[in-house]
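Just so you know, these numbers come straight off a predicted model, no measurement behind them. Counting begins at 1 with the first residue of the sequence.
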Amino acid sequence: MSVFHTKFNTVHNTPPFTQIKTEDYIPAFQKAINDTKAEVNAIVTNTEEPTFENTIEALAFTGMELDVLSNIFFNLNSAETNDEMQKIAQEVAPMLSALSNDISLNEALFLRVKKVYDQKNTLNLSPEQETLLTKNYKSFVRNGALLSEDKKERLRAIDAELSITSLKFGENVLAETHNYQLHLTNEKDLAGLPEGTIEEAKSLAEQEGKEGWIFTLDYPSYIPFMTYADNRELRKELAIASGTKAFKANEFNNEENVLKIVQLRHERANLLGYSTHANFVLEERMAQSPEKVTTFLNDLLAKAKPAADKEFKELSDFAKELDAIETLEKWDGAYYSEKLKQKRFNLDDELLKPYFQLENILDGAYQIANKLYGLFFTEVENIEKYHADVRTFEVTDENGDFVAIFYTDFFPRKGKRNGAWMTSFKNQYIKNGVNERPHISIVCNFTKPTATKPSLLTFNEVVTLFHEFGHALHGMLANTTYPSLSGTNVYWDFVELPSQIMENWCFEKEALELFAKHYQTGETIPMELVEKIKESANFLEGIATMRQLSFGLLDMAWHGQAPSAITNLKEFESEQFKTTQQYPDVKENAMSTSFSHIFQGGYSSGYYSYKWAEVLDADAFDYFKTNGIFNKDIADKFKNNILSKGGSEHPMILYKRFREQEPTPDALLKRAGLLS
């Protein structure tokens, strides 16, 4: 019998990874989908008058087994995939899409929901219940409940095709990432590279039975090479290899997939009565409309552009003076930025890395979570793991009560996609008086320990770990009744607030003293280095802001207009980058064909969220800074009004309850050095 057919007989009901067989997935999905349909049918055929309890609440707790199964499968498909898993994903995605349509297009079910919704003002609901009811009703309408039968059928077809196409997009990016290697055999080509990077490259070559050194497009290999390698031609080769991901004339080309995705999204939005996909998406965001997002991005662009242009000229002049570089190219940016940073601040990542041993950083994050929110993290060995690199922790509070299970997965490997993300294997919710606690995971791609060194992080990687840990706290501290409103189930332009605010502690002396200790001597990071980290925090911030804005504007261009006239992906992209472009274009490269955030992840019409949330996080952290970065009263307010509340109320209501005022962009502009 499949392991998925029963409640797990494990510690805290955690997934029994070692018992899961690949062949179990399809039958398990078929059973869970049928069980979900039966649960929904029981609501529809209930002869009693529709009430909040027998319709809305009952619906909120349908498909719980399917959720757990989907979480396990799709989390592993991101972190530990193979050809077989990808084939299953292609089969399962349309099955899940069909189920979603079966529910959202079920007329009898919608009529019950509508009946409850129409009397919501007389029901005396709590804010969370009212949110659930409104969200449910709008979800039906936004997913076609009011459409005619023929349009419902077309919607089903679109959703099935979209689910498969976006999966294929992601598989192509992963394949292209792993299909490329830069294999070097001449030691001269390693000039400038840090010792640890060289050691890791040698280890990679040895694993493949080759002489010399292998560099890949995985970030822990790619970023150091682009930042430190003196050989400009090799930097160019690697940069073009990265930029041509899924943009080459081969089976993994994503150009058609991109055009197909945006066309289907646009048709879907039109079908539902919206002028564009962006209009559809932003109706359920804090930003509310494409016009507001575009204005927000362009306002920031106007403020950042003078600083960015000045910085770019300075960087270009520096490269020319140093190495007679006539035109600064994309493969020069990271290299000369690092050289200029070293010159200006006498600070480089190799100087800092010995103080940022991965285990210490993680322990520091735990100490900060303890000081702010009273959490304790204890590593446990009695919880199953899906890979040997994974570590498992039990999280408890000041009373010793169980809060969450926390998984960490930090190193790159074949079958694991690039980047960093937080996810959950189980959401928090309250049912039958029992507060079911969540199982949260963060996945990153940091440099692995070598024979002579532990995993030492760059400062940017430290910030990345804190970012994902902020998301994790949002998941762990969730305390709502309904799973669909729990943890990170919030408006997409609000979800980055808990993650981005955590990054701020990386720059603070009081926090750095907790975890920045030399891996050999145990010496705490010298204060002059802390000062340099703070001084350099805004280094080339204008250029970095322009880059983020260019991605946000590209996203809005793909999704904020009818895409039917777009026939050439590269030409379209180049046109969108005109207002933000600083480096010369590279004709072989395209951004969109590997822009997984918007074509595979959930960020379509939402990439602006990072900047939007920066306004919130700068404003929120300013509150901490003014009153002490470990101020317990403010931490309690943040925990009780933001982290524990999930999506149970409108985010602006929650934010104002925490901050006692609306956010303003002043703190962000000041922090970024774009406002005096």
Side-chain angles (χ1 to χ4, degrees), residues 2-8 10 12-17 19-40 59-82 84-104 139 143 156 159-160 162-171 384 386 405 407 409 415-417 421-429 431 436-443 471 475 478 482-489 495 596 600-602 646-647:
S2 159
V3 69
F4 294 114
H5 286 195
T6 55
K7 201 172 169 71
F8 304 137
T10 55
H12 298 300
N13 202 28
T14 48
F17 294 113
Q19 297 171 45
I20 296 172
K21 298 183 180 70
T22 312
E23 61 266 26
D24 290 340
Y25 282 117
I26 295 292
F29 271 110
Q30 288 167 337
K31 180 185 182 297
I33 285 169
N34 287 333
D35 289 351
T36 304
K37 285 179 178 175
E39 290 166 0
V40 171
L59 195 55
F61 289 109
T62 57
M64 302 293 283
E65 260 190 44
L66 180 60
D67 285 347
V68 171
L69 170 61
S70 295
N71 287 344
I72 292 170
F73 176 76
F74 287 105
N75 285 342
L76 295 188
N77 195 41
S78 290
E80 189 64 9
T81 196
N82 53 45
E84 215 178 335
M85 288 282 282
Q86 291 181 0
K87 249 187 262 171
I88 293 168
Q90 289 283 350
E91 195 174 335
V92 164
M95 287 162 60
L96 293 172
S97 170
L99 173 68
S100 176
N101 285 145
D102 284 343
I103 295 170
S104 60
S139 175
N143 283 290
R156 285 176 186 277
D159 287 346
L162 270 173
S163 67
I164 292 171
T165 311
S166 74
L167 260 177
K168 186 65 189 159
F169 176 96
E171 287 169 11
E384 291 195 20
Y386 58 83
I405 292 296
Y407 298 85
D409 179 359
K416 180 180 182 182
R417 69 176 167 90
W421 62 95
M422 166 269 179
T423 186
S424 66
F425 285 98
K426 177 191 170 193
N427 279 335
Q428 175 274 336
Y429 58 91
K431 192 177 182 190
E436 295 280 352
R437 299 309 303 164
H439 303 161
I440 304 298
S441 172
I442 59 173
V443 187
H471 279 310
Y482 307 109
S484 64
L485 300 178
S486 178
T488 55
N489 287 305
V495 79
S596 299
Q600 188 194 12

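- Contact annotation: the side chain of Phe29 approaches that of Leu69 to within less than 4.5 Å [non-hydrogen atoms, C-beta and beyond].
- Of the inter-residue distances, the one linking Asp67 atom CG with Thr62 atom OG1 reads 8.0 Å to the nearest 0.5 angstrom.
- When side chains are defined from C-beta on, Ser484 does not count as touching Phe61, because their heavy atoms never get closer than 4.5 Å.
- A side-chain donor-acceptor contact under 3.5 Å links Ser424 and Asn427.
- Looking at residues two or more places apart in sequence or on another chain, you find a side chain to side chain donor-acceptor pair (under 3.5 Å) between Thr81 and Asn77.
- Closest of all the heavy-atom pairs between Leu167 and Ala93 is CD1-CB, 3.4 Å.
- Evaluation of the side chain to side chain donor-acceptor pair (under 3.5 Å) rule for Asp409 yields Tyr386, Arg413, Lys416 as partners, not counting sequence neighbours.
- Side-chain contact check for Trp421 versus His471: every heavy-atom pair is 4.5 Å or farther apart.
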With side chain to side chain contact (heavy atoms under 4.5 Å, CB included) as the test, would you mind laying out the steps for Met95 and Gln30 before giving the verdict? CA-CA 8 Å; Met95 287 162 60; Gln30 288 167 337; 3.8 Å; yes

Step-by-step side-chain hydrogen bond (donor to acceptor under 3.5 Å, both in side chains) determination, Ser486 to Asn489: CA-CA 6 Å; Ser486 178; Asn489 287 305; 5.5 Å; no

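- Atom-to-atom distance recorded for Thr165:OG1 and Lys168:NZ is 10.5 Å, nearest 0.5 angstrom.
- Residues in residues 87-98 take part in these side chain to side chain donor-acceptor pair (under 3.5 Å) pairs, two or more places apart or across chains: Gln90-Glu171.
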Tell me, with the steps shown, if Leu485 and Tyr429 meet side chain to side chain contact (heavy atoms under 4.5 Å, CB included). CA-CA 9 Å; Leu485 300 178; Tyr429 58 91; over 6 Å; no

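- Under 4.0 Å is where a charged nitrogen must lie from a carboxylate oxygen, and between Glu436 and Lys431 no such pair does.
- Atom-to-atom distance recorded for Asp159:CG and Asn101:CG is 4.5 Å, nearest 0.5 angstrom.
- Side-chain N or O atoms of Gln428 include none that pairs as donor or acceptor with a backbone N or O of Gly487 at under 3.5 Å.
- Taken from OG in Ser166 to CD in Gln600, the straight-line distance is 6.5 Å, to the nearest 0.5 Å.
- Of all non-hydrogen atoms in Arg156 and Ala98, the two that sit nearest each other are NH1-O, 3.8 Å.
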Steps toward side chain to side chain contact (heavy atoms under 4.5 Å, CB included) verdict (Thr36, Leu99): CA-CA 9 Å; Thr36 304; Leu99 173 68; 4.1 Å; yes

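- One distance of note links OG1 of Thr10 with CG of Asn13; it measures 5.0 Å at 0.5 Å rounding.
- Annotation: side chain of Lys37 is not in contact with side chain of Ile103 (no heavy-atom distance under 4.5 Å).
- In this structure, Phe74 has its ring center no closer than 6.0 Å to that of Phe425.
- Leu66 places a side-chain heavy atom less than 4.5 Å from the side chain of Ile33.
- Of all heavy-atom pairs spanning Lys31 and Asp35, the tightest one is NZ-OD2, 2.6 Å.
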Evaluate side chain to side chain contact (heavy atoms under 4.5 Å, CB included) for Thr22 paired with Ile88, printing each intermediate quantity in order. CA-CA 9 Å; Thr22 312; Ile88 293 168; 3.4 Å; yes

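- Rounding to the nearest 0.5 Å places CE of Met422 at 9.5 Å from CD1 of Ile442.
- In this structure the side chain of Pro94 reaches within 4.5 angstrom of the side chain of Ile164, judged on heavy atoms.
- Looking at Asp24, its side chain never comes within 3.5 Å of a backbone N or O of Ile20 through a donor-acceptor pair.
- Contact check for Leu76 versus Phe17: side-chain heavy atoms found under the 4.5 Å cut-off.
- At least one side-chain heavy atom of Gln19 sits under 4.5 Å from a side-chain heavy atom of Glu384.
- A donor-acceptor pair under 3.5 Å links the side-chain atoms of His439 to the main chain of His12, judged by distance alone.
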